[in-house]
Amino acid sequence: MSRDRYPHEDPVVVTCGLPYANGDLHIGHLRSLVSADILNRAFGLIGQPSIAVSGSDMHGAPVALNAEQEGVSPGEFAHGWHDRFQELFPEFGIEFDNYGHTDDETNTALTTDIVERLIEADHVYEREIEIAWDAIEEQALPDRYVEGTCPYCGADARGDECDEGCGRHLEPGEIQDPVSAVTGNPAEYRTREHKFFRVSAFADVLTAFLDDLEGTANARNQPRQWIEEGLQDWCITRDLDWGIPYPGDENLVLYVWVDAPIEYISSTIQYAERVGHDPIDWTAPWSGDGDIVHVIGRDIIQHHTVFWPAMLDAAGYALPRAVCAHGFITIDGEGLSTSRNRAIWAQEYLDEGFETDPLRYYLTTTGGLQQDIDFSWEKFADRVNGELVGTLGNFLYRSLLFAHRNYGGTPDAKVSAEVADRIDEAVADFEEAVNEYNVRAIGMTAVELSRFGNEYIQRNEPWRLVDDEPEAAAGVIRDCVQLAKAIALLGSATMPDVSARVWWELGESTDLTEASLDAVHEPPASSFGAPTEQFEQLEDELVGDLTASLTAQIEASVDEGSDERVAFSTFDSLDLRIGEIRSAEPVEEADNLLVLDVDIGDEVRQIVAGLRGHYAVEELPGTRVVVLTNLEPKTVFGVESDGMVLAAGDDPDLLTTLGNSEPGAAVR
RNA sequence: AGCGGGAUGGGAUAGCCAGGAGAUUCCGGCGGGCUCAUAACCCGCAGAUCGGUGGUUCAAAUCCACCUCCCGCUACCA
């Protein structure tokens with residue numbers, strides 16, 4: 001790894017977190033993919049040799065289980081999505097130099113090799129662990145499909161991660177009171193022998209690694225905490241049929257997070273094999289001659305700053321120079337939810353007939369990379385109309401049209417010092433942005449230069465000069481044409497399609513993707529045709545329609561199933577009874593919750609209900625309510641709730657009795 | 001409880017890591033200009049004690065401490 005400022009001579013490998021071959025792509029994925037693509041293109045522009053690699057993540061329990069549900073093999077299932085992704089990438093201008101997948105030969109062989117190295121270096125040991133087992137289905141329950149209680153904080157958690165509580169990674173067997181999330185069957189523990197990677201031995205290596213790590217701050221700060229608290233060794237095998245076999249034990253496969261990041265190397269190797277190792281050996285960064293730059297989502301920081309560098313170090317590879325962890329995207333202020341169809345799907349965006357550059361621009365320049373950003377069609381339209389149509393598109397169009405009409409192309413004049421300097425400034429800003437992995441700043445340079453362009457042309461009024469002072473007019477337009485060329489170059493990382501069109505309209509014959517920023521001062525062709533308008537205005541009416549249909553889409557999904565009828569037996573399975581509230585107390589820490597003691601005839605239950613603020617605590621005792629008594633118990637805010645008190649509406653209106661039914665009376 | 005991110009003119013954002021002229025840009029408001037340009041563009045004005053308190057410093061939005069509030073992972077539907 002070098003610490004040299006970019007550009008330097010050694011190759012850089014930019015990676016993008018692997019899309020999981022388990023579902024379609026939405027704007028959240030696009031933020032990752034596009035950010036990595038922009039960084040890679042930007043490196044190229046400043047003369048830094050670089051490639052972008054990634055691949056589909058195919059293994060793991062979710063793929064295996066979803067494939068089974070669809071009645072196809074996991075391989076077929078994953079390949080379906082893999083093919084799909086590869087169709088979508090070009091639509092969004094995402095160009096990988098190599099895009100493989102984790103189940104291919106390269107990755108299987110390399111993963112096996114790396115794990116063997118870990119074993120040889122004595123970094124792996126065996127340990128018997130208790131793992132969850134669905135005795136009815138007679139199969140191991142993958143960690144993702146176990147639910148239970150976090151042993152650290154007591155919150156409800158998923159088998160592999162305390163997703164609702166402390167956010168810790170959980171090792172198999174750690175979770176308490178497990179049940180299968182698939183069948184709902186209670187999970188029992190069985191003793192199995194699994195393999196563990198001695199991550200705990202790498203605390204010093206990782207601390208040093210983090211001290212030097214570039215990229216976003218969250219990727220440095222979050223893992224420091226984990227290291228201070230003490231690293232746990234990492235279980236790297238699973239009881240599953242789908243995956244890369246653990247070398248030496250065909251009954252186990254490697255955990256998906258072992259082979260997934262190795263695909264970064266595999267993909268690099270595949271590229272190197274295709275283009276050869278001369279003059280650049282693209283695999284060199286993995287052995288320290290060059291840089292590795294990871295672009296990921298902030299949800300997988302731990303994997304990329306703890307497990308992955310530990311593995312790399314243990315197996316004798318170089319560690320990454322930068323981890324750039326981007327924030328999430330919200331829609332109208334709320335988090336994406338694929339299950340609730342609260343998302344803008346990549347395909348949907350295309351189906352609206354939009355060009356992709358505006359979306360690339362929005363997703364990468366709305367906030368800093370690390371920041372969560374909000375998407376709404378209104379905000380999107382605002383940026384597109386203001387910055388892309390009004391500022392950038394307008395400047396390009398007005399100046400190139402003027403140049404074409406009056407000079408048939410680039411006027412024969414010299415670029416002014418003011419403009420040349422301003423272009424240099426933009427190039428310097430761009431290079432600085434690349435060195436800071438600041439994707440936002442990379443994208444803004446072209447718009448900022450356009451802003452200057454508009455101001456410049458306005459100030460110099462060539463339309464006024466053209467008759468009286470033709471030389472001065474030619475000079476101004478000469479400047480504007482040069483600015484347009486610089487804008488095309490600077491903008492080509494973020495908005496490759498538009499930039500390529502402008503490039504072509506400027507009469508350039510070379511491929512813009514091969515160009516470097518060195519070309520900003522080279523004169524454009526002396527003759528070129530009429531320019532086209534590069535961006536389309538998003539009209540209010542369209543924005544309104546899009547917003548309405550997005551809302552409808554989300555609501556339709558939420559309501560889905562409301563037409564379904566249930567069998568009487570389903571109703572009958574609910575044990576509804578009359579209960580009498582004996583006491584009510586607020587739950588500490590919770591704004592809306594009360595803990596109630598409810599007499600249901602033969603016993604008194606403790607039930608948590610979201611009634612605080614709607615009913616006075618002191619008026620509740622004595623109230624008769626309807627209680628669902630055979631609901632499974634759940635701990636909320638550390639308080640066990642055994643049953644559910646029924647109420648109607650958003651402002652809960654307790655269901656009670658009209659007559660005087662006694663506690664315990666069944667509701668029929 | 002934990003971790004991370006954040007609090008900057010009406011709204012949205014930059015600057016904070018590498019402290020230095022009362023602070024960026026966009027949207028919006030008000031006034032003007034221009035007419036080459038996709039009712040686009042340009043100029044000017046109003047509007048911020050940079051969440052609060054204390055500290056370090058010649059100097060703090062920027063560093064430190066404490067506090068308040070917000071957001072995400074997830075929950076106050078059980």
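All values reported here derive from a predicted model rather than from experimental measurement. Labels below follow one simple rule: chain letters A, B, ... track the order of the sequence lines, proteins then strands, and each chain is numbered from 1. What you see below is based on every heavy atom in this structure, not just the backbone, and it leaves out hydrogens, waters and symmetry mates.
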With sequence neighbours left out, the residues meeting side chain to side chain donor-acceptor pair (under 3.5 Å) with A:Asn438 are none

Among side-chain atoms of A:Glu418 and A:Tyr456, is any donor-acceptor pair under 3.5 angstrom?
no

Q. Mind checking whether A:Phe402 and A:Cys480 have side chains closer than 4.5 Å, heavy atoms only?
A. no

Between CH2 of A:Trp463 and C1' of B:A37 the distance, given in whole Å, is 9 Å

Ranking B:G5, B:A78, B:C36 by distance to the side chain of A:Ile457, first place goes to B:C36

Please tell me if A:Asn221 has a side-chain N or O lying less than 4.0 Å from either OP1 or OP2 of B:G5. yes

Sorted by chain and number, sequence neighbours left out, salt bridge (charged side-chain N to carboxylate O under 4.0 Å, His left out) with A:Arg451 holds for none

Rounded to whole Å, the CD1-C1' distance (A:Ile487 to B:A37) equals 14 Å

In this structure, CD1 of A:Ile27 is separated from CD1 of A:Ile329 (nearest 0.5 Å) by 4.5 Å

The salt bridge (charged side-chain N to carboxylate O under 4.0 Å, His left out) partners of A:Arg220 (sequence neighbours excluded) come to none

Between A:Phe535 and A:Glu387, the residue closer to the 5' end of RNA chain B by nearest nucleotide is A:Glu387

Rounded to whole Å, the CD-P distance (A:Glu425 to B:U24) equals 16 Å

From CG of A:Asp382 across to C1' of B:U25 the rounded distance in Å is 13 Å

Note: contacts of residues 388-409 of chain A with RNA chain B (heavy atom, under 4.0 Å) are A:Val389, A:Gly390, A:Asn394, A:Tyr397, A:Arg398, A:Leu401, A:Phe402, A:Arg405

Has A:Arg464 got a side-chain N or O lying under 4.0 Å from the OP1 or OP2 atom of B:U35? yes

In whole angstroms, the gap separating P of B:A12 from CD of A:Glu378 amounts to 13 Å

Q. Say you pick atom P in B:G22 and the same atom in B:C27; how far apart are they, in whole Å?
A. 27 Å

The dot-bracket string of RNA chain B, counting Watson-Crick and G-U wobble pairs with both distances under 3.5 Å, using [ ] for crossing pairs and | for pairs to another strand, is .((((((..(((.......[....))).(((((.......))))).....(((((..]....))))))))))).....

Give the table of side-chain donor-acceptor pairs shorter than 3.5 Å for residues 467-478 of chain A, with sequence neighbours excluded, one pair per line with atom names and distance.
residue  : atom : partner  : partner atom : Å
A:Arg478 : NE   : A:Ala413 : O            : 3.2
A:Arg478 : NH1  : A:Gln482 : OE1          : 2.9
A:Arg478 : NH2  : A:Gln482 : OE1          : 3.1

Residues at least two apart in sequence or cross-chain that pass side chain to side chain donor-acceptor pair (under 3.5 Å) with A:Arg405, listed by chain then number, are none

Rounded to whole Å, CZ of A:Arg298 lies from P of B:C73 at a distance of 7 Å

Worksheet item: Using the C1' atom in both, what is the distance from B:C45 to B:C3, to the nearest Å?
Response: 46 Å

The residue, A:Gln370 or A:Arg451, whose nearest nucleotide of RNA chain B is more 5′ is A:Gln370

Check this for me: does any side-chain nitrogen of one of A:Arg501 and A:Glu355 sit under 4.0 Å from a carboxylate oxygen of the other? yes

Note to self: Would you measure the distance from the C1' atom in B:G2 across to the matching atom in B:U49 and give it in whole Å?
What the structure shows: 36 Å

By salt bridge (charged side-chain N to carboxylate O under 4.0 Å, His left out), A:Glu432 pairs with (sequence neighbours left out) A:Arg5

Here the distance between atom C1' of B:C73 and atom NE2 of A:His326, to the nearest Å, is 14 Å

Check every strand shown and say whether A:Arg459 touches a base, only sugar-phosphate, or nothing at a heavy-atom separation below 4.0 Å.
nothing

Sorted by chain and number, sequence neighbours left out, salt bridge (charged side-chain N to carboxylate O under 4.0 Å, His left out) with A:Asp382 holds for none

Distance check, C1' atoms only: B:C43 and B:A59, in whole angstrom units.
34 Å

If you measure from the P atom in B:G54 to the same atom in B:U13, how many Å do you get, rounded?
29 Å

Whole-Å distance, A:Leu369 CG to B:G72 P, equals 20 Å

Residues 389-401 of chain A vs side chain to side chain donor-acceptor pair (under 3.5 Å), sequence neighbours excluded, gives A:Arg398-A:Asn454, A:Arg398-A:Gln458

request  = Pick the C1' atom in B:C41 and in B:C36, then give their distance to the nearest Å.
outcome  = 10 Å

* To do: Please measure how far the C1' atom in B:G19 lies from the corresponding atom in B:G28, and state the result in whole Å.
  => 33 Å

Residues pairing under salt bridge (Lys or Arg N to Asp or Glu O under 4.0 Å) where one sits in residues 356-370 of chain A, two or more places apart or in two chains, turn out to be A:Asp37-A:Arg360

Interatomic distance at C1', B:G32 relative to B:C70, whole Å
40 Å

Any protein N or O atoms within reach of nucleotides 13-18 of chain B? Criterion: under 3.5 Å, listing atom names and distances.
residue : atom : partner  : partner atom : Å
B:U13   : O2'  : A:Arg440 : NH2          : 2.8
B:A14   : OP1  : A:Gly368 : N            : 3.0
B:A18   : N6   : A:Glu436 : OE2          : 3.1

